[in-house]
Structure formats: structure tokens, C-alpha cells
**Q** 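Please see the structure below; I have some questions.
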Amino acid sequence: RKEVEQDPGPFNVPEGATVAFNCTYSNSASQSFFWYRQDCRKEPKLLMSVYSSGNEDGRFTAQLNRASQYISLLIRDSKLSDSATYLCVVNPLSGGYNKLIFGAGTRLAVHP
Amino acid sequence: DTEVTQTPKHLVMGMTNKKSLKCEQHMGHRAMYWYKQKAKKPPELMFVYSYEKLSINESVPSRFSPECPNSSLLNLHLHALQPEDSALYLCASSPHEGGPSYEQYFGPGTRLTVT
């Protein structure tokens with residue numbers, strides 16, 4: 001089983017749609033969780049950290065369910081500029097080290 | 001300003017060449033990282049430096065040699081690479097190494113082609 005698993009893509013949605021990405025992680029001791037977005041041939045950029053209480057940043061909402069080892073990202077009112085690959089990232093803090101484990105990514109394509 | 005810079009942006013090198021990749025951050029971060037990313041794959045960790053000391057080497061071949069001259073700079077020295085080493089090499093930094101919730105910030109990467 002992979003350490004971080006994500007929905008297979010691609011997701012093709014019209015502008016204005018709501019889209020949800022899911023992610024599961026295998027290490028129950030994992031401490032921190034993130035969503036990064038990566039545009040084609042660019043570096044990953046931090047989208048948001050994910051907290052146990054859930055958090056929202058504009059059109060983006062992230063949720064964490066520690067009991068189910070499940071992370072989600074909801075994007076409301078999709079824009080063309082949201083087209084990118086979304087990477088679910090977990091820090092298992094193994095041995096105290098800040099080592100990020102990346103999911104394979106889910107590609108989102110928003111069309112007019 | 002969450003900026004990590006990397007040079008060069010692109011590099012083409014032969015299998016007998018020696019070259020270096022450079023990374024710089026001025027955010028006062030004390031942990032720096034090298035990742036390798038192949039096309040359509042997620043980044044894979046290569047090395048972690050914490051307070052200028054190497055703390056993680058993910059069993060990377062010795063043809064890759066990292067160096068951290070000071071807390072703002074990170075180099076990756078390349079020697080006798082193979083064509084399969086062609087990839088995007090990403091540098092990242094975070095405030096510290098240990099502890100939860102320390103986001104990592106990535107530089108734009110160096111796209112390396114080994115011929």
C-alpha cells in the first residue's frame with residue numbers, strides 16, 4: 001500500500017463547478033498535512049495546511065479525518081486558473097524529521 | 001517573502017561532466033532539501049540539511065554530492081551522471097526540520113538533461 005494515495009485523475013469540470021479531491025494516508029502517527037498545487041513544468045506551491053478542525057481559504061476548504069486517515073480538498077466555483085495538479089502531502093515526522101511524503105497527484109482541468 | 005531561488009533554470013550536461021546546482025533562500029529557514037522529480041511523478045526526497053548539517057540521505061548514489069556552505073545556500077554537485085538522472089531538481093526550505101506543521105517552500109527547480 002502506498003503511504004499517500006489520491007484519487008486518480010484527471011478531473012475535467014466546467015467553470016463554476018465544485019470539485020472534491022480525496023486522499024488517504026497509511027501512517028496513523030502522521031502529524032501534519034498539506035495540499036500543494038503544481039502547474040505544468042513548475043514547482044509545487046503550498047496551497048494550504050490541513051488542520052484537524054478543518055480550514056477554509058476563500059474557495060478552498062480542507063478537511064482532515066484522523067480516525068479514517070483521510071484528507072480532502074474542496075474547490076468551489078472553479079476557475080480556469082485552478083487547472084493544475086493537486087498534491088496531497090503528509091509529514092509522518094518519522095524520527096522527528098520533517099520529511100514530506102507526496103501523493104501521486106490529481107490533475108484538474110477546468111474548461112469554459 | 002517566501003522565495004527560494006535556484007540556478008541554473010536549465011542544464012544540459014554530458015555523462016563525463018561535472019556541474020553544480022545552486023539554491024538560495026533568505027527567509028532565515030534552517031532546513032533545506034533537495035528533491036528529484038521525473039515527469040508525471042511526485043517529487044522524491046534526496047537530501048535534508050538541518051542547521052547546515054546533513055541529516056537525511058535517501059540512499060542517493062554518490063554521483064550526487066550535496067553541500068551546505070551556510071544557512072542560506074545549498075548546492076548539489078553532479079558528476080558522472082546517467083541519462084536516467086535527467087529530471088527536475090527542486091530545492092525547498094522550511095523554518096526548522098523537526099516539529100509538526102512546518103511547510104516547505106520550493107524553488108522553481110533546475111531542469112537537468114544528461115546526454
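Naming: A, B, ... by sequence-line order, numbering from 1 per chain.
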**Q** For A:F33, is it the side chain, the backbone, both, or neither that has a heavy atom closer than 4.5 Å to a heavy atom of chain B?
**A** neither

**Q** Compute the ring centroids of B:F47 and B:F64, then answer whether they are less than 6.0 Å apart.
**A** no

**Q** Does any heavy atom of chain A fall under 4.5 Å from the side chain of B:E44, the backbone, both, or neither of them?
**A**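 For B:E44, there is no contact with chain A at all, as no heavy atom is under 4.5 Å.
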
**Q** Flag the one option from B:R111, B:K41, B:Q6 with the top tally of heavy-atom pairs under 4.5 Å to chain A.
**A**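 With the most close heavy-atom pairs to chain A, the winner is B:R111.
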
**Q** Taking side chain as everything from C-beta outward and backbone as N, CA, C, O, which of these in A:R107 sits under 4.5 Å from a heavy atom of chain B? Side chain, backbone, both or neither.
**A** neither

**Q** For A:E3, is the CD atom crowded, meaning more than 12 foreign heavy atoms sit under 6.0 Å from it?
**A**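 Incorrect, the count does not exceed 12.
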
**Q** Assess the pair A:F21 and A:F11: is the distance between their ring centroids shorter than 6.0 Å?
**A**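 Yes, close enough.
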
**Q** Checking the side chain of A:N65 only, and the main-chain atoms of A:I71 only, is there a donor and an acceptor separated by less than 3.5 Å?
**A** no

